[in-house]
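Below is one structure, written out as structure tokens, with a few remarks after it.
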Amino acid sequence: MPTTSLVVSPMIGMPQGFEWLIILAVVVLVFGAAKLPDLARGTGQALRIFKAETKALRDDDESTEDRPAEPVVVADVPLSPDVPSVVADSAPPRRIHPDT
């Protein structure tokens with residue numbers, strides 16, 4: 001006798017028709033009808049913020065690609081005699097002990 005096997009598609013499609021009604025009923029039961037407008041408002045604000053941030057990142061990437069890198073300018077400031085030099089001496093540093 002041949003065996004029949006149930007083949008399950010690995011791709012699950014979007015809900016259609018009656019499935020949306022069941023999902024809506026579950027959401028109303030979980031959150032309550034009074035909380036749904038607040039939930040929708042918060043979701044809308046989060047999506048708006050997300051879109052604005054991704055647009056800003058894209059615009060920033062495009063603007064940095066268009067302009068050349070700015071050179072770094074270091075001012076030549078003469079050091080006064082009481083300011084130690086930043087350049088290290090050729091001699092190795094000496095250890096200073098508090099006992100000596």
Side-chain angles (χ1 to χ4, degrees):
M1 181 166 192
T3 59
T4 58
S5 63
L6 179 63
V7 177
V8 178
S9 174
M11 301 293 284
I12 298 175
M14 289 292 295
Q16 297 176 0
F18 189 66
E19 295 167 348
W20 280 112
L21 293 175
I22 293 173
I23 291 171
L24 181 62
V26 169
V27 168
V28 169
L29 287 174
V30 170
F31 293 106
K35 294 287 183 181
L36 287 180
D38 293 335
L39 182 66
R41 190 176 304 115
T43 303
Q45 286 176 348
L47 285 173
R48 249 182 268 121
I49 292 170
F50 180 74
K51 285 180 183 179
E53 291 297 323
T54 55
K55 184 179 183 299
L57 285 174
R58 273 190 252 122
D59 292 345
D60 189 37
D61 287 344
E62 290 172 1
S63 66
T64 56
E65 291 174 358
D66 294 341
R67 63 183 163 151
E70 296 178 9
V72 177
V73 179
V74 178
D76 289 332
V77 178
L79 296 175
S80 64
D82 56 311
V83 176
S85 175
V86 178
V87 180
D89 296 333
S90 59
R94 293 181 290 159
R95 298 185 125 200
I96 300 174
H97 294 285
D99 296 337
T100 58

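Basis for what follows: all heavy atoms, side chains included, without hydrogens, waters or symmetry-related copies.
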Residue pairs meeting salt bridge (charged side-chain N to carboxylate O under 4.0 Å, His left out), one or both in residues 45-57, sequence neighbours left out, come to K55-D59

Under 3.5 Å donor-acceptor pairs involving side-chain atoms of residues 19-29, not counting sequence neighbours:
{"residue": "E19", "atom": "OE1", "partner": "Q16", "partner atom": "N", "Å": "2.9"}
{"residue": "W20", "atom": "NE1", "partner": "P15", "partner atom": "O", "Å": "2.8"}

Open item on the list: Assigning hydrophobic clusters by single linkage (Ile, Leu, Val, Met, Phe, Trp, Tyr; side-chain heavy-atom cutoff under 4.5 Å), is L57 placed with F50?
Closed with: no

The complete set of salt bridge (charged side-chain N to carboxylate O under 4.0 Å, His left out) pairs with one or both residues in residues 31-47, sequence neighbours excluded, reads D38-R41

Sequence neighbours excluded, the answer for salt bridge (charged side-chain N to carboxylate O under 4.0 Å, His left out) partners of R58 is none

